[in-house]
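Have a look at the structure below before the remarks.
All residue numbers in this chain count up from 1 along the given sequence.
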Amino acid sequence: MKKIKYFIAISTIFVASSCTDYLDTENLYGKSLETYYKTPTDITEAMSGVYNAIYISAPLSEEQIAANLMDNMMLGGGGPDDKAAKWADSFEDPQEDTYRDMWIESYNGIGRANAIIEKTATADFSKFFVTKEEGEAFKQNAIGEATFMRAFFYFRLAKFFGGVPLIVKVSDSKTVGRSTYTEVYAQIATDLKNAIAMLPAKPFPSIPTAEYGHANKWVAEAYLARVYLMYTGYMTNIEKKATTELPTVGGASLSAANIKTYLDDCIANSGYKLASDFRNLWPYSYVNKSAGTNVLPWAATNNLAWVGQDGSAPTFGTGNYETMFVQRFSFGDWGWTNGPRYTNRLALFNSMRGNSLSPFGEGWGMCTVNPKLFNDWADADPRKLGSILQVGKAEQGTAGYAADKGDHETGYFNKKYASLQHNVPGTTTVKGMFVQMYGWSNADMQLMHAQDFIYMRFADVLLMHSEITGTATGLNAVRARAGLGAVGYSLAALKEERLHELAFEGLHWFDLVRWGDVETAFTGSFPVRNSGSTGTYTQKYRPEIKGLMPIPETEIRLANGAYTQNPGW
């Protein structure tokens, strides 16, 4: 049965309630900075604690949910009582701490990564391995992985909040002020460069299944490209300080040519590649096989086959060579502390409200899809119906859809991350697809979403390569996979391709910001249904916020004047 590999007791050794007091530690199980980090087992357990900080307790503070709510291609949705989602969609923060859990968990991860980086550097692992070289290789890999994860958490913070406190040592001050946007990105770039140098160059097919979802050299190279594009785009188009250079700490800046070298290496040597069909990346393409009947005629007609999500030797599918870095999900339980956060709540919150159908089940109806995206998308592109779920369509499994259950109903939902269920073979009992696949006993509709969230996949590497080099090779490789003809490179073509390939994956909002399109993308009104009434949805954005979210007010108060609030909040 699938398990959450990163959730173990040791992950709570470093407990943080805020950035300002995150260095206060609770000595659990007799382990501390002085007695821990001495064995490979210690390091493996501590690394699990680092990854555990990816998980967020408050759903609206989850990166993928927050980014989709802010995106102009998705609406607030939900029910009449889901005000927080509508506030986030309208760039309002009356709760003052909407994004605080993201802040807290990011600094939890940073603190845990700092401890691994510092303590592992002085540890002697030679007696645990056959050769000294093996011990040194383990040490270098551990430091490289922790260094990548520190960059990951700082990038998450910087994308949402801009300049944040930089704490890169266990001994750093508890009340350090905010660093500048440039200083934070310089630290992120430096960490990623160091991680690339330290992590082994093992091509994907040779990476053990147990390491699936972990950071590796190729993931670090891909993230460095993403960081480069975000920084140079934001500084050029939002701050109006044009640059093509990504700074590093105390060193030379990275140019587009430098980033191209990293991406060339990733493309040529990583072992990752595109799946044969875009739709095979998403688990709805497995429903027919798992249900024992053709519940999705269009999937059967196209012979779709989910490539699975369990690494090079998956239990299901034919092998996933496209997915590079993920947030692994399993099943939560109401009796666990923060148990529900280990189930994929993007799938839960984005699914149809008040409709338990087969194969697309019930959710909370948030992030309904802007009809403009559906109407402007060419029908010939299989990614259109591979990404967007239409209601009231027998071939989509939604013929029985009952309208007027939620707000901002447009008739379209996110299909990539959706509630999936079907009859238990030979019965009339409907259970979640993942519940049946993994034999989980709790079939609660809120806890049954074990679909991994993909942070980085190879298609994005190809698209970033095209954008950075101004060439169409990667762009056209992605188009060819969708059965579309080649085009010449232009930024407009690149933007359209990223929208269609990566829709609802939590990236488009940041693309709008870094391209400077965020100030003009939120225009127009269109009709929606609001819990049974006809309404008008008007897109909103406030340019004064400069694409950034508010620093949590509780953190500002705890910092006693060390932080200033972002503009517009």
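Ring orientation note: the planes of Tyr455 and Phe453 are nearly perpendicular, at an angle over 60° on the 30°/60° scale. Using bins of under 30°, 30° to 60° and over 60° for the plane-to-plane angle, the ring pair Tyr99/Phe161 lands in the perpendicular bin. Ring pair Tyr231/Tyr185 is tilted by interplanar angle, where 30° to 60° counts as tilted. Note on ring orientation: taking the six-membered ring where Trp is involved, the planes of Tyr223 and Phe155 are perpendicular (angle over 60°, cut-offs 30° and 60°).
Checked against a 6.0 Å centroid threshold, the rings of Trp509 and Phe91 count as neighbours. A centroid separation of less than 6.0 Å is found between the aromatic rings of Tyr321 and Phe204.
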*Going through the checks in order, is the side-chain hydrogen bond (donor to acceptor under 3.5 Å, both in side chains) test met by Asn68 and Tyr417?*
CA-CA 12 Å; Asn68 278 326; Tyr417 293 97; over 6 Å; no
*Would Arg479 and Glu496 count as a salt bridge (Lys or Arg N to Asp or Glu O under 4.0 Å) if you check the C-alpha gap in whole Å, the side-chain angles of each, and the deciding distance to 0.1 Å?*
CA-CA 11 Å; Arg479 287 179 60 82; Glu496 182 176 348; 5.8 Å; no
*Determine, stepwise, if the pair Glu239 / Lys546 fulfils salt bridge (Lys or Arg N to Asp or Glu O under 4.0 Å).*
CA-CA 8 Å; Glu239 291 294 344; Lys546 303 175 83 170; 3.2 Å; yes
*Stepwise, does the side chain to side chain contact (heavy atoms under 4.5 Å, CB included) test hold for Met74 with His508?*
CA-CA 10 Å; Met74 304 194 89; His508 187 245; over 6 Å; no
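Remark: Glu62 engages Arg345 in a side-chain hydrogen bond (donor to acceptor under 3.5 Å, both in side chains) (not counting sequence neighbours).
Residue pairs that meet the salt bridge (Lys or Arg N to Asp or Glu O under 4.0 Å) test with at least one member in residues 372-381, sequence neighbours left out, are Lys372-Asp376, Asp379-Lys384, Asp381-Arg383. Evaluation of the side chain to side chain donor-acceptor pair (under 3.5 Å) test over residues 191-202, restricted to residues two or more places apart or in two chains, returns Arg150-Asp191, Gln187-Asp191.
Just one of Lys217, Met324, His465 meets the side-chain contact (heavy atoms from CB on, under 4.5 Å) condition when paired with Cys266; it is Met324. Of the options Phe510, Trp103, Tyr154, Trp569, a ring-ring contact (aromatic ring centres under 6.0 Å, His included) to Phe160 is made by Phe510 and by none of the others. For the side-chain contact (heavy atoms from CB on, under 4.5 Å) with Phe504, the lone residue among Leu346, Asn350, Leu373, Asp71 that qualifies is Leu373.
A salt bridge is absent between Glu105 and Arg156; no separation between the charged side-chain nitrogens and carboxylate oxygens falls under 4.0 Å.
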